[in-house]
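Worksheet for the structure shown next.
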Amino acid sequence: MRLAAPFVLTLALLACLTGPAQAEDIRASYDVRLLGLPVGKMRFAAREEAGAYAVTGVFDTSGIGRIVEAGFRLSAQGRDRQGRLTPQAYDERIDTGSRQSTASLRYKGGVPRITGGSVAAEVAQDPGALDPATQGGTVDPMTALWGVLRDRPLQGLCSYDVTIFDGQRRARLAMTGRRDGAGQVICTGAYTRLAGFSASEMKRQSIYPFAVTYTPTGTLMRAQALTVKSAYGTAEMTRD
């Protein structure tokens with residue numbers, strides 16, 4: 001995504017039921033800091049119901065540490081197959097403070113296609129753009145982040161590996177390390193740029209190490225904090 005995957009992480013994330021379908025409305029809010037200074041608020045609203053999910057993430061700048069007036073709104077919906085999220089639709093609206101962009105993706109058989117937004121025109125005019133038809137099995141940025149931040153089972157908590165495609169760029173988000181102690185679990189991993197990024201972007205930084213701190217909530221584990229190391233410094237998201 002134009003600002004999205006590293007920016008979301010830098011600023012910054014039901015199984016089928018027996019019996020009648022039940023829905024759960026989920027809301028979560030995170031304070032976002034960069035270099036220890038408050039820069040904004042990340043809010044999530046989600047519904048998980050009968051093997052389906054819908055989630056929206058909104059970020060707005062605020063606080064003395066904000067650099068520019070910026071924000072974004074990302075939304076995704078799809079199927080939840082035993083904890084594996086498979087998107088069917090994704091929409092984004094991003095304002096970097098100097099540039100605005102929008103994108104819409106729809107999926108058929110796990111293959112994304114660009115259906116609207118300013119990104120559609122950018123891709124059409126770029127002969128070197130990645131072909132969405134070759135991006136089968138990828139997930140959108142919002143689905144990828146929600147897969148990390150949603151309440152998750154303790155078993156396999158730090159085993160998470162998805163490939164992201166936002167309409168222009170391809171990246172990998174993977175958690176591979178784990179530390180247990182003091183009533184919490186810390187999962188470590190990295191966001192890695194793979195393709196579709198400019199040479200200057202790749203040179204500036206291609207790997208973004210991150211850590212997610214989970215604490216128990218009932219029978220599940222909840223993401224209480226996320227930290228990311230970027231070229232701009234360490235960013236933190238802490239749940240209210």
For the residue pair [Y] / [X], report whether a side-chain donor-acceptor contact shorter than 3.5 Å exists.
X	Y	answer
Tyr30	Arg43	no
Glu201	Ser198	yes
Gln135	Arg170	yes
Thr134	Asp131	no
Thr86	Tyr107	no

From [atom1] ([X]) to [atom2] ([Y]), nearest 0.5 Å:
X	Y	atom1	atom2	answer
Arg152	Met221	CZ	CE	10.5 Å
Ser101	Gln168	OG	CD	8.0 Å
Cys187	Met175	SG	CE	4.5 Å
Leu194	Ser206	CG	OG	9.5 Å
Gln88	Asp140	CD	CG	11.0 Å

Is [X] salt-bridged to [Y], cutoff N-O under 4.0 Å?
X	Y	result
Arg27	Asp25	no
Asp240	Lys41	yes
Arg73	Asp95	no

Within the structure provided, determine whether [X] and [Y] are in side-chain contact (heavy-atom separation under 4.5 Å).
X	Y	answer
Thr176	Tyr160	no
Val39	Thr61	no
Arg169	Arg193	no

How far apart are the C-alpha atoms of Val139 and Thr163, what are their side-chain angles, what is the distance that settles it, and do they pass the side chain to side chain contact (heavy atoms under 4.5 Å, CB included) test?
CA-CA 6 Å; Val139 301; Thr163 302; over 6 Å; no

Grab the two heavy atoms, one from [X] and one from [Y], that are nearest each other, plus how far apart they are.
X	Y	result
Arg79	Ala52	NH1-CB, 3.5 Å
Ile186	Ala211	CG2-CB, 4.1 Å
Pro38	Arg33	CD-NH1, 3.5 Å
Ile114	Leu105	CG1-CD2, 3.6 Å
Pro112	Pro132	O-CB, 3.4 Å
Gly183	Pro216	O-CD, 3.2 Å

Are [Y] and [X] connected in a single hydrophobic cluster, I mean Ile/Leu/Val/Met/Phe/Trp/Tyr linked by side-chain heavy atoms less than 4.5 Å apart?
X	Y	result
Ile26	Leu74	yes
Val58	Ile94	no
Phe165	Phe72	no
Leu226	Ile207	no
Val111	Met142	no

Please say whether more than 12 non-hydrogen atoms of neighbouring residues, nucleotides or ligands are located less than 6.0 Å from [atom1] in [X].
X	atom1	value
Arg239	CZ	yes
Arg204	CZ	yes
Arg179	CZ	no

Output, in order, the C-alpha distance, side-chain angles, deciding distance and verdict of side-chain hydrogen bond (donor to acceptor under 3.5 Å, both in side chains) for Tyr208 and Thr192.
CA-CA 6 Å; Tyr208 293 74; Thr192 304; over 6 Å; no

I'd like to know whether Leu154 forms a side chain to side chain contact (heavy atoms under 4.5 Å, CB included) with Val185, so could you lay out the CA-CA distance, the side-chain angles of the two residues, the decisive distance to 0.1 Å, and finally the verdict.
CA-CA 9 Å; Leu154 178 61; Val185 177; 4.1 Å; yes

Spell out, as yes or no, whether a donor-acceptor pair under 3.5 Å connects the side chain of [X] to the backbone of [Y].
X	Y	result
Thr102	Ser118	yes
Gln205	Ala231	yes
Thr217	Leu220	no

Evaluate side chain to side chain contact (heavy atoms under 4.5 Å, CB included) for Tyr214 paired with Leu157, printing each intermediate quantity in order.
CA-CA 9 Å; Tyr214 294 92; Leu157 181 64; 3.8 Å; yes

Could you check Asp151 against Glu48 for side chain to side chain contact (heavy atoms under 4.5 Å, CB included), going step by step and ending with a plain yes or no?
CA-CA 11 Å; Asp151 293 354; Glu48 299 183 332; over 6 Å; no

Under the criterion salt bridge (charged side-chain N to carboxylate O under 4.0 Å, His left out), I'd like the reasoning laid out for Asp91 against Arg106: C-alpha separation, chi angles, the key distance, then a yes or no.
CA-CA 9 Å; Asp91 296 280; Arg106 299 296 181 265; 3.3 Å; yes

Relative to each other, are the rings of Phe44 and Trp146 parallel, tilted or perpendicular (30° and 60° limits)?
tilted

